[in-house]
Novice: 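Can you read through this structure? Questions will come right after.
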Amino acid sequence: MAFARTIFGDVDPSTLGVVDCHDHLIRVGAGEVYIDGDHQLDSVEKAIEEGGYFAEASKKWSPNGGTVVDMCPINCGRDLNKLAEVTKAVDGLQVIAATGFHREHVYLETQSHWINRYDVDKVAELVIADIREGIDKNDYSGPVVERTPYKAGVIKVGTAYGKITKFERKCMEAAAIAAIETGCPINTHTTYGTCGLEQAEGFLELGVPANQIAIGHIQRNADVYYLEQILKLGVYLEIDGTNRIKYQPDSNRMMELKAFYEDGFADRILLGTDSGKRGYQKAYGATSGVDYNPAVDGPRMVDEGFDREYIEKLLMKNAQEFFTFKKEG
């Protein structure tokens with residue numbers, strides 16, 4: 001049976017509803033928070049409020065509500081018990097949790113990090129265990145591992161601006177081993193939209209099937225020609241970064257989405273918001289939040305004359321297909 005893996009178990013992918021393919025509801029510390037305290041998302045109450053906005057907006061598109069893919073990876077502030085509390089409290093919300101790795105920068109000093117101390121097969125074993133056994137209560141941040149019942153349903157990998165470091169290359173190799181072994185999808189972080197093509201080519205060379213790979217944050221590089229060179233490899237693109245006027249207007253994202261439809265890539269485009277800061281979430285006082293795709297993007301695409309079937313693919317159907325595991329069990 002086809003399934004997507006949520007923190008409360010495997011589900012029929014069609015029940016995921018609207019899917020926010022890259023976001024953050026809970027982050028309780030670690031490197032990104034050390035670098036910028038606005039990344040601290042440790043309030044269950046606030047996350048319930050934010051998740052509620054998303055679920056309600058999603059119900060306008062699907063009776064199943066929606067699913068947030070919480071892309072906080074290994075050793076980056078995961079707290080699955082808090083995330084489970086949030087999910088239980090919001091009607092119409094499901095959550096897919098991440099394993100895998102961020103870009104090297106957020107791990108601060110990495111010479112002594114266990115990723116550098118362990119061989120790649122051992123690192124891959126830890127990723128596989130997150131997927132098959134349950135995510136470590138302690139987020140692989142110490143010598144004691146205590147498995148929660150909450151399993152990962154996506155693998156994250158991040159790379160630096162304009163390069164892939166040796167540390168990040170090792171993370172890619174471990175992620176590829178885990179993805180091939182389990183059938184779990186890989187959804188990436190690119191820094192300012194760089195190295196997306198290199199990520200896709202690298203995973204394909206490592207043997208990961210194209211339909212298990214999504215290249216994320218890629219809208220930051222609003223060069224449709226470049227983006228379509230990635231799509232021609234058969235992978236997915238994940239378009240997020242909503243309402244980030246300091247980087248570029250939302251009209252750029254709409255332009256990209258229109259071009260992908262016209263050029264025959266409608267089936268391999270995913271949407272997210274990546275509202276991973278307090279300053280990006282309504283519950284903390286922002287004017288936009290995790291609900292942006294169903295609440296703002298969807299109605300805008302209707303107003304701009306997008307094909308209705310394409311809108312539903314962007315909000316729901318493409319992600320339901322992508323987050324389906326490519327192996328049984």
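Since the model is a prediction, treat every value here as computed from it, not as a measurement.
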Novice: Give me the atom names and distance for the closest heavy-atom approach of A286 to G279.
Specialist: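 Shortest heavy-atom contact: CB-O, 3.3 Å.
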Novice: Would you say the side chain of L197 lies within less than 4.5 Å of the side chain of L233, judging by non-hydrogen atoms?
Specialist: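 Sidechains of L197 and L233: in contact.
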Novice: Is it true that a side-chain atom of N318 and a backbone atom of I269 form a donor plus acceptor pair closer than 3.5 Å?
Specialist: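 Looks like yes, one N/O pair under 3.5 Å.
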Novice: Kindly work out whether a path of hydrophobic side-chain contacts (I/L/V/M/F/W/Y, heavy atoms less than 4.5 Å apart) joins Y280 to Y53.
Specialist: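 Different clusters: Y280 never reaches Y53 through Ile, Leu, Val, Met, Phe, Trp or Tyr contacts under 4.5 Å.
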Novice: Within a 6.0 Å radius of atom OH on Y34, are there more than 12 heavy atoms belonging to other residues, nucleotides or ligands?
Specialist: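 Open.
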Novice: Using a 3.5 Å distance criterion without hydrogens, assess whether the side chain of D20 forms a donor-acceptor pair with backbone atoms of D291.
Specialist: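 Judged by distance alone, no pair lies under 3.5 Å.
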Novice: Find the distance between CZ (R300) and CG (N293) and round it off to the nearest 0.5 Å.
Specialist: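 R300 CZ to N293 CG: 12.5 Å, rounded to 0.5 Å.
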Novice: Would H24 and H39 count as a close aromatic pair, with their ring centres under 6.0 Å?
Specialist: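 Centroid distance H24-H39: not below 6.0 Å, so no.
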Novice: Less than 6.0 angstrom from the centroid, inside 45 degrees of the normal: does R103 satisfy that with respect to the ring of Y161?
Specialist: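 No.
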Novice: Taking C-beta and beyond as the side chain, do H105 and T165 meet within less than 4.5 Å on heavy atoms?
Specialist: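 Side-chain contact under 4.5 Å: no.
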Novice: Assess the residue pair D10 and R5 against the criterion (side-chain contact (heavy atoms from CB on, under 4.5 Å)); give the C-alpha distance rounded to whole Å, side-chain angles, the decisive distance to 0.1 Å, and a yes or no.
Specialist: CA-CA 4 Å; D10 296 348; R5 181 154 291 167; 2.7 Å; yes
Novice: If hydrophobic clusters are built from ILVMFWY residues whose side chains come within less than 4.5 Å, do L16 and M71 share one?
Specialist: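 Yes, same cluster.
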Novice: Under the 3.5 angstrom rule, does the side chain of K137 hit a backbone N or O of E146 as a donor-acceptor pair?
Specialist: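 Absent.
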Novice: Looking at G17, is its backbone amide N or carbonyl O close enough to the side chain of Q320 to form a donor-acceptor pair, meaning the two atoms are under 3.5 Å apart?
Specialist: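 Answer holds: yes.
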Novice: Tell me whether the count of non-hydrogen atoms from other residues, nucleotides or ligands lying under 6.0 Å of OH in Y284 goes above 12.
Specialist: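 Result for OH/Y284: enclosed.
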Novice: Can you measure from CD (E168) to CD (E173) and round to the nearest 0.5 angstrom?
Specialist: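 These two atoms lie 12.5 Å from each other.
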Novice: In plain terms, say whether R278 and D42 are close enough for a salt bridge, that is, a side-chain N and a carboxylate O under 4.0 Å apart.
Specialist: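 Between D42 and R278 there is a salt bridge, with a charged N closer than 4.0 Å to a carboxylate O.
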Novice: Might you point out which heavy atoms bring T159 and M172 nearest each other, and give the distance in Å?
Specialist: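 Heavy-atom minimum between the residues: CG2-SD, 4.4 Å.
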Novice: side-chain contact (heavy atoms from CB on, under 4.5 Å) between D240 and L271: does it pass, once the steps are laid out?
Specialist: CA-CA 6 Å; D240 56 62; L271 297 183; over 6 Å; no
Novice: What pair of heavy atoms forms the shortest contact from I7 to A97, and how long is it?
Specialist: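 In this case the closest contact between I7 and A97 is CG2-CB, 3.6 Å.
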Novice: For R78 and A98, indicate whether the former's side chain and the latter's backbone hold a donor-acceptor pair under 3.5 Å.
Specialist: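 Yes.
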Novice: Would you find a donor on one side and an acceptor on the other, under 3.5 Å apart, between the side chain of Q281 and the backbone of V290?
Specialist: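 Answer holds: no.
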Novice: Quick one: does any side-chain atom of W61 pair with a main-chain N or O of P294 as donor and acceptor, under 3.5 Å?
Specialist: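 Looks like yes, one N/O pair under 3.5 Å.
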Novice: Counting only heavy atoms not in Q229, do more than 12 fall under 6.0 Å of its CD?
Specialist: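 For Q229, atom CD is crowded (more than 12 foreign heavy atoms under 6.0 Å).
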Novice: Work out which heavy atom in D23 is nearest to a heavy atom in V68; give both atom names and the distance.
Specialist: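 Taking D23 first and V68 second, the nearest heavy atoms are CB-CG1, 3.9 Å.
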Novice: Determine, using the 4.5 Å side-chain heavy-atom cutoff (strictly less than), whether F203 and I230 are members of one ILVMFWY cluster.
Specialist: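 Linked, F203 and I230 end up in one cluster.
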Novice: Under a 4.5 Å cut-off applied to non-hydrogen side-chain atoms, are V123 and F101 in contact?
Specialist: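 Touching, per the 4.5 Å side-chain cut-off.
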Novice: Would you say the side-chain atoms of K282 pair up with the backbone N or O of G289, donor to acceptor, closer than 3.5 Å?
Specialist: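 No; zero donor-acceptor contacts below 3.5 Å.
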Novice: Are any side-chain N or O atoms of S141 and backbone N or O atoms of D139, one a donor and one an acceptor, separated by less than 3.5 Å?
Specialist: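 Looks like yes, one N/O pair under 3.5 Å.
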Novice: With a 4.5 Å limit on heavy-atom distance, are the side chains of Y140 and V145 in contact?
Specialist: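 They are in contact (side-chain heavy atoms under 4.5 Å apart), so the answer is yes.
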Novice: Is atom CD of E309 surrounded by more than 12 heavy atoms (other residues, nucleotides or ligands) closer than 6.0 Å?
Specialist: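 No.
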Novice: When hydrophobic residues are tied together by side-chain contacts of less than 4.5 Å, even through go-betweens, does F322 share a cluster with F265?
Specialist: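 Different clusters: F322 never reaches F265 through Ile, Leu, Val, Met, Phe, Trp or Tyr contacts under 4.5 Å.
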Novice: Could you go step by step and tell me if E256 and R253 meet the salt bridge (Lys or Arg N to Asp or Glu O under 4.0 Å) rule?
Specialist: CA-CA 5 Å; E256 293 165 14; R253 293 171 48 255; over 6 Å; no
Novice: Checking D250 against Y292: is there a side-chain donor and acceptor pair closer than 3.5 Å?
Specialist: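 Present: a donor and an acceptor within the cut-off.
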Novice: Under the salt bridge (Lys or Arg N to Asp or Glu O under 4.0 Å) criterion, do R308 and E312 qualify, and how do the steps go?
Specialist: CA-CA 6 Å; R308 178 72 184 204; E312 292 181 356; 3.2 Å; yes
Novice: Given the rule in the side-chain contact (heavy atoms from CB on, under 4.5 Å) test, do L83 and D70 qualify, once you have shown the distances and angles that lead to the verdict?
Specialist: CA-CA 9 Å; L83 198 56; D70 192 294; 3.7 Å; yes
Novice: Can you establish whether the number of heavy atoms outside K170 located under 6.0 Å from its atom NZ is more than 12?
Specialist: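 Counting other residues, nucleotides and ligands, NZ of K170 exceeds 12 neighbours.
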Novice: Once you measure the plane-to-plane angle for Y107 and F167, does it fall in the parallel (<30°), tilted (30-60°) or perpendicular (>60°) bin?
Specialist: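 It falls in the tilted class, 30° to 60°.
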Novice: Should F306 and M254 be marked as a side-chain contact (heavy atoms from CB on, under 4.5 Å) after you check the CA-CA gap, both sets of side-chain angles, and the distance that decides it?
Specialist: CA-CA 10 Å; F306 279 58; M254 292 296 122; 4.1 Å; yes
Novice: Check whether any side-chain heavy atom of I115 lies under 4.5 Å from a side-chain heavy atom of C171, and answer yes or no.
Specialist: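 Touching, per the 4.5 Å side-chain cut-off.
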Novice: In terms of ring plane angle, is the pair H22 and H217 parallel, tilted or perpendicular, where the classes change at 30° and 60°?
Specialist: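 H22 and H217: tilted rings.
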Novice: Side-chain contact, heavy-atom cut-off 4.5 Å: H113 with N75?
Specialist: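 Yes; the side chains approach each other to less than 4.5 Å.
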Novice: To the nearest 0.5 Å, how far apart are CD1 in I213 and CD in E238?
Specialist: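 Between atom CD1 of I213 and atom CD of E238 there are 14.5 Å.
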Novice: Roughly how far, to the nearest 0.5 Å, is the CZ atom of R244 from the OG atom of S288?
Specialist: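 S288 OG to R244 CZ: 7.0 Å, rounded to 0.5 Å.
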Novice: Assess whether a salt bridge exists between E125 and K122, defined as any Lys/Arg side-chain N lying under 4.0 Å from an Asp/Glu carboxylate O.
Specialist: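 Salt bridge: yes.
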Novice: Please tell me whether T15 and N64 have a donor and an acceptor in their side chains that are separated by less than 3.5 angstrom.
Specialist: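 No.
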Novice: Testing the basics here: between P13 and T324, what is the closest heavy-atom pair and its distance to 0.1 Å?
Specialist: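 Scanning both residues completely, I find the closest heavy atoms to be CG-OG1, 3.1 Å.
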Novice: Answer whether the closest heavy-atom distance between the side chains of S62 and M316 falls below 4.5 Å.
Specialist: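 Yes. Closest side-chain heavy atoms under 4.5 Å.
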Novice: Which value, rounded to the nearest 0.5 Å, describes the distance between D130 atom CG and T99 atom OG1?
Specialist: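 Spacing of CG (D130) from OG1 (T99) equals 3.5 Å.
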Novice: So if you build clusters from Ile, Leu, Val, Met, Phe, Trp, Tyr with side-chain heavy-atom gaps below 4.5 Å, do L41 and Y150 land together?
Specialist: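 In one cluster: no.
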Novice: Does the E104 side chain pair with the main chain of A160, one donor and one acceptor, at a distance under 3.5 Å?
Specialist: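 Pair absent, no side-chain N/O of E104 close to backbone of A160.
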Novice: Can you find a side-chain donor-acceptor pair between N116 and Q111 that sits under 3.5 Å?
Specialist: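 N116 vs Q111: no donor-acceptor pair found between side chains.
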Novice: Going by atom types only, do T190 and Q199 share a side-chain donor-acceptor pair under 3.5 Å?
Specialist: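 The answer is no; no qualifying pair exists.
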Novice: Measuring from atom CD of E32 to atom CZ of R27, what distance do you get when rounded to the nearest 0.5 angstrom?
Specialist: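 Taking CD in E32 and CZ in R27, the distance rounds to 4.5 Å.
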Novice: What are the two closest heavy atoms between I155 and A179, and how far apart are they?
Specialist: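 So the minimum-distance heavy-atom pair works out to CD1-N, 3.8 Å.
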Novice: Flag the pair F323 / T67 as yes when at least one side-chain heavy-atom distance between them is below 4.5 Å, and no otherwise.
Specialist: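 Sidechains of T67 and F323: no contact.
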